[in-house]
Amino acid sequence: YYVVPFLQTLKSYFEREKAYPDITWEDQGYRILTLFRFWNAMEYCFPYVEMTDKKWNEVLTEFLPLFLNPGSKARYNLQLCRLTAHIDDSHGYIEIPSPDFRQTMLERKQYKLSVPATLIESLDGEIVVQQTKTSGLERGDILLSINGEDIYQMINDLYPYVAASNHAGKLHRILPLLLRSEGSPLEISCLRNGKELALKIEDFTHDLNGKNPEETSRKTWTDYAPGAADIAYIDVGTMSKKTTEDILRKSR
């Protein structure tokens, strides 16, 4: 059977692969078929299969015993995520119903609420608050732990299950997960101006189900960006006196 890419749609690409709706994950043969199907799809249809960090032939050898005896449905689903992550492509992901991740690190992906703050990794490898709209965190805070869990250990635990092309891509998907909650306050330890602080964050603004609690009034860096209301940026070295005067007159 020959696949002609430009004639295919996302739905029809694997239309000859049979579906088995009545077979559950507990069937060992079905789990092995799942692994082989995915491995073959990448082997013969993925243009970057020779560029994965781990040699693709070694992936099949590594995962076969894990799919033979996963131990539980949660562990099996974790292996599916880890298998997907081995393609090392930021466009790759797998959607699995939330109840199947209970009691695992990926459970936080299903949490409905999130602290209204953005995290980045500094040049020194620290996890820093880039912008925030919560009264607890401030821009520049360096996170140390969340609910008693070391921040770097949390990242390391999530790292193998996130598909991305590079380290920056991994963090882009992981860092937002760290501030998610089911509604319980987050106990956050951070460094602020060299002093370690213990914070209790209780305000959440991002609801994955579409509910958006009112945000606090704390400003972010975007509030001070070029083009923000009532703020003018003047380069007197390149602008004429008249242009400068016009801008100042209009900004009053």
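Leu78 and Tyr30 are members of different hydrophobic clusters when ILVMFWY side chains are connected at heavy-atom separations under 4.5 Å. Cluster membership check: Leu60 shares its hydrophobic cluster with Met51, using side-chain heavy-atom separations under 4.5 Å among Ile, Leu, Val, Met, Phe, Trp and Tyr. Cluster annotation: Leu179 is not connected to Ile142 through the hydrophobic network of ILVMFWY side chains, with a link wherever side-chain heavy atoms come within less than 4.5 Å.
A salt bridge links Glu17 to Arg37: at least one charged side-chain nitrogen sits closer than 4.0 Å to a carboxylate oxygen.
Within a 6.0 Å radius of OH in Tyr48, no more than 12 heavy atoms belonging to other residues, nucleotides or ligands are found.
Note that CG of Leu177 is 12.5 Å distant from CD of Glu107, once rounded to the nearest 0.5 Å. The structure places CG of Leu137 at 5.0 Å from CD1 of Ile188, a figure rounded to the nearest 0.5 Å. Put simply, CD on Glu196 and OG on Ser189 are 4.0 Å apart, with the number rounded to the nearest 0.5 Å. With rounding to the nearest 0.5 angstrom, the CG atom of Leu191 is 9.0 Å from the CG atom of Asp141. A distance of 8.5 Å separates CD1 in Ile174 from CG in Asn156, rounded to the nearest 0.5 Å. Here the straight-line distance linking atom CD of Glu26 with atom CD1 of Ile23 works out to 12.0 Å at 0.5 Å rounding.
In this structure, Leu197 and Cys190 have side chains that are in contact, with non-hydrogen atoms separated by less than 4.5 Å. Side-chain contact check for Ile151 versus Leu144: every heavy-atom pair is 4.5 Å or farther apart. When side chains are defined from C-beta on, Leu83 does not count as touching Ile94, because their heavy atoms never get closer than 4.5 Å. Side-chain contact between Leu199 and Glu187 is absent, with no heavy atoms from C-beta onward closer than 4.5 Å. When side chains are defined from C-beta on, Val128 does not count as touching Leu119, because their heavy atoms never get closer than 4.5 Å. Side-chain contact between Leu80 and Phe67 is present, with heavy atoms from C-beta onward closer than 4.5 Å. At least one side-chain heavy atom of Arg108 sits under 4.5 Å from a side-chain heavy atom of Met154.
Using modelled atom types, one side-chain atom of Asn40 and one backbone atom of Phe36 make a donor-acceptor pair closer than 3.5 Å. Between the side chain of Arg173 and the backbone N or O of Ser90 there is at least one donor-acceptor pair closer than 3.5 Å. The backbone N or O of Lys73 lies less than 3.5 Å from a partner atom in the side chain of Asn77, making a donor-acceptor pair. The main-chain N or O of Ser145 is never found under 3.5 Å from a side-chain atom of Asp150 such that the two would form a donor-acceptor pair. Judged purely by atom type and a 3.5 angstrom limit, Ser181 has no side-chain atom pairing as donor or acceptor with the backbone of Leu113. Of the possible polar contacts, one joining the Lys170 side chain to the Val162 backbone as a donor-acceptor pair under 3.5 Å is found. Side-chain N or O atoms of Arg180 include none that pairs as donor or acceptor with a backbone N or O of Lys112 at under 3.5 Å.
Contact detail for Gly169 and Ala164: the closest heavy-atom pair is C-CB, 3.4 Å. Here the closest non-hydrogen pair linking Asp203 and Pro116 is O-CD, 3.4 Å. Residue Ile87 comes nearest to Gly92 through the heavy atom pair CD1-CA, 3.9 Å, listed as atom of the first residue, atom of the second, then distance. Across every non-hydrogen atom of Ala85 and Pro160, the tightest pair is CB-O, 3.3 Å. The two residues Ile120 and Gln130 come nearest to each other via the heavy atoms CG2-OE1, 3.4 Å. Closest non-hydrogen pair, His86 versus Phe63, comes out as CD2-CE1, 3.2 Å.
Between Asp88 and Thr52, the side chains place no donor N or O within less than 3.5 Å of an acceptor N or O (distance only, hydrogens not considered).
Listed by first and then second residue, the side chain to side chain donor-acceptor pair (under 3.5 Å) pairs that reach into residues 60-72 are Lys54-Glu62, Glu62-Arg82, sequence neighbours excluded.
In this pair, Trp25 and Tyr76 present their aromatic rings parallel. The plane angle is below 30°, not in the 30 to 60° band. Relative orientation of the Trp39 and Trp56 rings is parallel, given thresholds of 30° and 60° on the angle between their planes.
No close placement of the Tyr159 and Tyr161 rings is indicated, their centers lying 6.0 Å or farther apart.
Tested against Tyr20, the residues Leu33, Thr34, Asp27 include a single side-chain contact (heavy atoms from CB on, under 4.5 Å) partner, Leu33. Partner of Leu175 under the side-chain contact (heavy atoms from CB on, under 4.5 Å) criterion, out of Thr118, Leu158, Ile127: Ile127 alone.
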### Task
Evaluate salt bridge (Lys or Arg N to Asp or Glu O under 4.0 Å) for Arg192 paired with Glu138, printing each intermediate quantity in order.
CA-CA 8 Å; Arg192 181 181 299 169; Glu138 292 188 4; 3.6 Å; yes
### Test log, rule side chain to side chain contact (heavy atoms under 4.5 Å, CB included), inputs Leu186 and Val115
CA-CA 9 Å; Leu186 295 183; Val115 174; 3.6 Å; yes
